[in-house]
A.B. asks: 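Below is a structure I'd like to ask you about.
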Amino acid sequence: MAMSKLQALWNHPAGPKTIHFWAPTFKWGISIANIADFQKPPENISYLQQIAVTCTGMIWCRCSTVIIPKNWNLFSVNVAMAATGIYQLTRKIKYDYVSEAAEVVVEKE
């Protein structure tokens, strides 16, 4: 039973013998790097980079479900890219605008 499932995965049109498997697999490196950046200070976050990561994730999520064969590895990595990009953008916006508003309130007092 396990051998037949492994053989089905191996022979799948988006299986390990194709670029449709390896491209999304290596793309996980971008999401992992973005997760590693969660520990960095928000002032070091780039708006343009995180917007690019977020948009890429959102656009390719859609494309990965439309193409044939459906590529769930590609879908999952792009969900992760969009989620980490949104989180990083949220951190940057909070740092730039929410902390500034709090400083202005403190200065007025």
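These figures come from a predicted structure and were not determined experimentally.
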A.B. asks: Within the 3.5 Å criterion, strictly below it, is a donor on Asn73 or Thr25 matched to an acceptor on the partner's side chain?
C.D. replies: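 Yes, side-chain donor-acceptor contact under 3.5 Å.
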
A.B. asks: Within a 6.0 Å radius of atom NZ on Lys40, are there more than 12 heavy atoms belonging to other residues, nucleotides or ligands?
C.D. replies: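 At most 12 heavy atoms, drawn from other residues, nucleotides or ligands, come within 6.0 Å of this atom.
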
A.B. asks: Apply side-chain contact (heavy atoms from CB on, under 4.5 Å) to residues Lys17 and Asn11 and explain how you reach the verdict.
C.D. replies: CA-CA 8 Å; Lys17 294 192 292 187; Asn11 292 322; 3.1 Å; yes

A.B. asks: Which pair of heavy atoms, one from Met58 and one from Ala82, lies closest together, and at what distance?
C.D. replies: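 Closest heavy-atom pair between Met58 and Ala82: CG-CB, 3.8 Å.
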
A.B. asks: Check Gln50 against Gly85 and note the closest heavy-atom contact, atom names and distance.
C.D. replies: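 Reported closest heavy-atom pair: OE1-CA, 3.5 Å.
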
A.B. asks: For Phe26, does the CZ atom have more than 12 heavy-atom neighbours from other residues, nucleotides or ligands under 6.0 Å away?
C.D. replies: no

A.B. asks: Quick one, Tyr87 with Asn34, criterion side chain to side chain donor-acceptor pair (under 3.5 Å). Give me CA distance, side-chain angles, the key distance, then yes/no.
C.D. replies: CA-CA 10 Å; Tyr87 177 73; Asn34 225 11; over 6 Å; no

A.B. asks: With side chains defined as the heavy atoms from C-beta onward, is the minimum distance between Met81 and Thr54 less than 4.5 Å?
C.D. replies: no

A.B. asks: Any chance you could measure Ser64, atom OG, to Ile59, atom CD1, to the nearest 0.5 Å?
C.D. replies: 12.0 Å

A.B. asks: I would like to know whether Trp60 and Thr56 meet side-chain contact (heavy atoms from CB on, under 4.5 Å); could you show each step before the answer?
C.D. replies: CA-CA 6 Å; Trp60 282 99; Thr56 299; 3.8 Å; yes

A.B. asks: Could Lys92 and Tyr47 be counted as a cation-pi pair, given that NZ or CZ must be under 6.0 Å from the ring centre and within 45° of the axis?
C.D. replies: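 Yes, Lys92 sits over the ring of Tyr47.
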
A.B. asks: At what distance, to the nearest 0.5 angstrom, does CD of Gln49 lie from CG of Leu89?
C.D. replies: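 Between Gln49 CD and Leu89 CG, I get 10.0 Å after rounding to 0.5 Å.
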
A.B. asks: Any sub-3.5 Å donor-acceptor pair from Trp28's side-chain atoms to Val77's backbone N or O?
C.D. replies: no

A.B. asks: Quick one: closest heavy-atom pair of Ser31 and Thr84, and the distance?
C.D. replies: O-CG2, 4.3 Å

A.B. asks: Assigning hydrophobic clusters by single linkage (Ile, Leu, Val, Met, Phe, Trp, Tyr; side-chain heavy-atom cutoff under 4.5 Å), is Ile86 placed with Ile93?
C.D. replies: no

A.B. asks: Between Lys70 and Ile67, does the side-chain contact (heavy atoms from CB on, under 4.5 Å) criterion hold? Intermediate values first, please.
C.D. replies: CA-CA 6 Å; Lys70 287 192 183 345; Ile67 60 174; over 6 Å; no

A.B. asks: Can you give me the closest heavy-atom contact between Pro16 and Trp22, atom names plus distance?
C.D. replies: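 Taking Pro16 first and Trp22 second, the nearest heavy atoms are O-NE1, 2.6 Å.
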
A.B. asks: Does Trp72 belong to the same Ile/Leu/Val/Met/Phe/Trp/Tyr cluster as Val79, with side-chain heavy atoms less than 4.5 Å apart forming each link?
C.D. replies: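 Yes.
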
A.B. asks: Roughly how far, to the nearest 0.5 Å, is CG of Asp37 from CZ of Arg91?
C.D. replies: 8.0 Å

A.B. asks: With side-chain contact (heavy atoms from CB on, under 4.5 Å) as the test, would you mind laying out the steps for Lys27 and Asn78 before giving the verdict?
C.D. replies: CA-CA 9 Å; Lys27 196 173 183 181; Asn78 284 301; 2.9 Å; yes

